[in-house]
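Whatever order the structure lists them in is the order used to number ligands and atoms, beginning at 1.
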Amino acid sequence: MKAAPSLLSCNFAKMGEEVQRVDRAGADWIHLDVMDGHFVPNLTIGPAIISAVRPYTNLPFDVHLMIDDPLDYIDAFADAGADIITFHVESKSDTEKTIEKIKSRGVKPGLVIKPKTPAEVVYEYLDQVYVIVVMTVEPGFGGQSFMADMLPKVTAIKEECARRGLEVLVEVDGGISEKNACFAAAAGVDVCVSGTGIFKAKDAAAAISAIKKGI
Ligand code: DX5
Ligand code: ZN
């Protein structure tokens, strides 16, 4: 599996150095959580911070939008240096228009589903996206407990893709650490986001390596 450290759990006063630390430790992608205080009850970072940390690594920036109207902000996040932009199927924006807008900027699109949203909701978009993100916590905060009961959604999405001959990555986000990455691997996950599990680990390289092995 790929490991995508979430900067939500990094030292915000040293974001550039924190990105370099996980890059050296073996990260595959950098996950950036954008929250607007409406779609989720928390506020985090926006395009200005993303463009400020962009020069610190060449790793892909995986920007997770937890905002009411993602369509209105695609240009801003593409300009800031996003390589992948994922947004919630539960947001207010039209899903197809938003996917098209992301693609038109040369960025890879992805759809995210909250814990209460069934996997089937994304099936009609599987031929249009690069990645599907299955939330394994309620979005809004880092450091919550992993919801293992979300993993059957991962398997269902992977099976649906295989049945239709589509190559779509499935990412899980929330509560993942070296302790439970084995369950994600067994379910067929391609990418594990991990905030606390990597940034608060004693040894980030060991945590990343264990997550990637999924053992
Ligand atoms: C939650 C975010 C996640 C989260 C991951 O809303 O989307 O990316 O911060 O952090 P941990 O791994 O600490 O749950
Ligand atoms: Zn996230």
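Atoms of ligand 1 found under 4.0 Å from any heavy atom of G143 (numbered from 1 in listed order, with element): 11 (P), 13 (O), 14 (O). Close contacts between ligand 1 and H31 involve ligand atoms 8 (O) [criterion: under 4.0 Å to a heavy atom]. Less than 4.0 angstrom separates some heavy atom of F141 from each of these atoms of ligand 1: 1 (C), 6 (O). Residue H64 has at least one heavy-atom neighbour below 4.0 Å for each of these atoms of ligand 1: 7 (O). Proximity to G175 (heavy-atom distance under 4.0 Å) selects the following atoms of ligand 1: 11 (P), 12 (O), 14 (O). Taking every non-hydrogen atom of M135 and a distance limit under 4.0 Å, the qualifying atoms of ligand 1 come out as 7 (O). Near L8, the atoms of ligand 1 lying under 4.0 angstrom from a non-hydrogen atom of the residue are 9 (O). Near V193, meaning under 4.0 Å from any of its heavy atoms, are these atoms of ligand 1: 8 (O).
Within a 6.0 Å sphere centred on OH of Y56, other residues, nucleotides and ligands contribute 12 heavy atoms or fewer. More than 12 heavy atoms of other shown residues, nucleotides or ligands fall within 6.0 angstrom of atom NZ in K114.
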Checklist entry - Stepwise, does the side-chain contact (heavy atoms from CB on, under 4.5 Å) test hold for D28 with V191? => result CA-CA 9 Å; D28 296 291; V191 185; over 6 Å; no

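Of all the N, O or S atoms in D33, the one closest to the Zn ion (ligand 2) is OD1.
E160 is not listed as a side-chain neighbour of E120, based on a closest heavy-atom distance of 4.5 Å or more.
Considering only non-hydrogen protein atoms, atom 12 (O) of ligand 1 sits nearest to G195 N, 2.7 Å. From the protein, the heavy atom lying nearest to atom 2 (C) of ligand 1 is D33 OD1, 3.4 Å. Protein heavy atom in closest approach to atom 5 (C) of ligand 1: D173 OD1, 3.6 Å.
The angle H64:ND1 - the Zn ion (ligand 2) - D173:OD2 amounts to 90°, with values rounded to 10 degrees.
Formation of a donor-acceptor pair under 3.5 Å by the N180 side chain with backbone atoms of A148 is not found in this model. R105 contributes no side-chain N or O that, together with a main-chain N or O of F77, makes up a donor-acceptor pair within less than 3.5 Å. Side-chain atoms of D69 never come within 3.5 Å of backbone atoms of L71 as a donor-acceptor pair (strictly under, hydrogens ignored).
For atom 6 (O) of ligand 1, the candidate residues are G140, G174, G142; the nearest heavy-atom contact is made by G140.
Between D62 and H64, the side chains place no donor N or O within less than 3.5 Å of an acceptor N or O (distance only, hydrogens not considered). Side chains of D23 and T57: a donor-acceptor N/O pair is present below 3.5 angstrom, by distance only.
Each of S194, P5, C10 was evaluated against V22; a single residue qualifies, P5, per the side-chain contact (heavy atoms from CB on, under 4.5 Å) test.
Any N or O atom pair closer than 3.5 Å counts here, and S194 shares no such pair with ligand 1. Geometrically, ligand 1 and V137 share no nitrogen or oxygen pair separated by less than 3.5 Å.
Counting all heavy atoms, side chain and backbone alike, M135 lies closest to H88 at CG-CE1, 4.0 Å.
The proximity of T196 to ligand 1, defined as any non-hydrogen pair under 4.0 Å, involves the side chain as well as the backbone.
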